[in-house]
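Here's the structure, in structure tokens; my notes come after.
Counting starts at 1 for both ligands and their atoms, in listed order.
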Amino acid sequence: MHLPPNVRLSGSDYPVFEIDHPTCKARVALHGAHVMSWKPRDEDEVLYLSPDSVYKEGKAIRGGIPICWPWFNAHPTNPDAPSHGLARTRFWEMISAEEDENGVTMRFGMEEGIWKAEVTVKAGLELEVSLETLNTNEIPIVVSGALHSYFSVSDIGNVRVVNLEDTDYLDTVEEPTRRKQKGAVKFAGEVDSIYDSSGKVLLVDDDSGRTILIEKSGSPSTVVWNPWLEKAAAMGDLPDDGYLAFCCVEAAIANDRAVIVMPGSSHVLSTRISVEE
Ligand code: TA6
């Protein structure tokens, strides 16, 4: 496996690619093609990674950017299928790793039955993660999912997610209820909202003086999530107070907006993350 000078491999049983480039430091696990960490030069860590995350095959890392694919949340028809698909709970293959003065680009692939995907991670002064669904079958396939990004924040109580104003969404905390977003998204309890949103640049502002910008493509849905106190306490891979330190803003394809990928074609879901002071 050829690695460029600013990428090294750690962990034999659970390989993690450690990127230490002049533009950023980052960590990407082979398991789930999972970006665990991204710290642009002169900035603090942008992604949240639970200190209680479990690193073993079959268990999704808690934090970073889980690849939820080829379905979002529960499988549309099979109750026994794992929530959020099969991509984040297995080892992928590394296809390539290259670097230039702008950063490091790594590509990963997986194939299981009719499902074939490639993930491209471009880590530099910005971070871009792209998930390409490749339909090499003779039949159309239906795909949903999410790039389930966990963003590190100073205190969830100070966070505002901006540019979802007046957007329709499904509030799934209790009985799923259609609502319209009034003002910025704020957090004073559990939030689990699926927005009908594909366009604008989303901003995560936490009054720390830093704003995280999220540009999506191939994503007809945006998911905003924080488990809050009770659900965090019930999660074995998240500290009880871990909910205070992150919010998820996800480039998603919710099940009701699933994408049909025709034979011989592909679909790309991507999120591009940057930071402004
Ligand atoms: O991000 C939205 C969501 O679907 C929530 O409903 C919650 O289940 C979250 O994903 C985390 O799911 P996980 O399977 O990683 O615990």
Side-chain angles (χ1 to χ4, degrees), residues 29 31-36 47-76 78-90 129 131 143-153 156 159 161 164 167 169-179 181 185-187 189-197 202 204 212 214 216 219-258 269 271 273:
H31 191 265
H34 195 128
V35 178
M36 299 164 66
L47 303 178
Y48 173 81
L49 184 66
S50 170
D52 298 343
S53 186
V54 174
Y55 298 98
K56 70 176 169 57
E57 187 171 12
K59 174 76 175 124
I61 296 169
R62 178 66 65 190
I65 305 179
I67 305 285
C68 299
W69 179 89
W71 58 82
F72 180 75
N73 255 337
H75 185 281
N78 175 1
D80 299 327
S83 178
H84 284 321
L86 41 80
R88 62 177 185 161
T89 53
R90 65 185 56 213
V129 178
L131 167 64
V143 172
S144 57
L147 301 175
H148 196 298
S149 305
Y150 285 70
F151 293 106
S152 177
V153 295
I156 189 67
V159 172
V161 179
L164 287 169
T167 305
Y169 68 97
L170 187 66
D171 179 345
T172 66
V173 171
E174 307 281 349
E175 190 57 33
T177 307
R178 296 290 300 177
R179 303 185 194 281
Q181 181 61 38
V185 180
K186 295 178 185 172
F187 301 80
E190 182 185 351
V191 170
D192 196 347
S193 303
I194 303 174
Y195 290 83
D196 301 338
S197 151
L202 302 169
V204 176
I212 299 170
I214 301 139
K216 313 184 308 164
S219 162
S221 318
T222 298
V223 178
V224 178
W225 178 62
N226 184 282
W228 212 251
L229 188 150
E230 198 175 320
K231 287 219 170 134
M235 293 162 72
D237 58 358
L238 183 70
D240 290 357
D241 62 355
Y243 72 97
L244 294 168
F246 75 87
C247 79
C248 287
V249 180
E250 307 160 32
I253 307 169
N255 291 336
D256 65 346
R257 298 202 155 195
L269 168 65
T271 188
I273 301 162

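- Listed by chain and number, R62, F72, N73, H84, R88, H148, D192, V223, W225, E250 each place a non-hydrogen atom less than 4.0 angstrom from ligand 1.
- The aromatic ring centres of H84 and F72 sit less than 6.0 Å apart.
- Proximity of the aromatic rings of H148 and W225 is defined here by a centroid distance below 6.0 angstrom, and this criterion is met.
- Atom CD in E250 sits 10.5 Å away from atom OG in S221 (nearest 0.5 Å).
- For T167 (side chain) and Y195 (main-chain N/O), no donor-acceptor pair under 3.5 Å exists by modelled atom type.
- The local environment of NZ in K186 is sparse, with at most 12 non-hydrogen atoms from other residues, nucleotides or ligands closer than 6.0 Å.
- Between atom CD1 of residue I273 and atom CD1 of residue I212 there is a gap of 8.0 Å, rounded to the nearest 0.5 Å.
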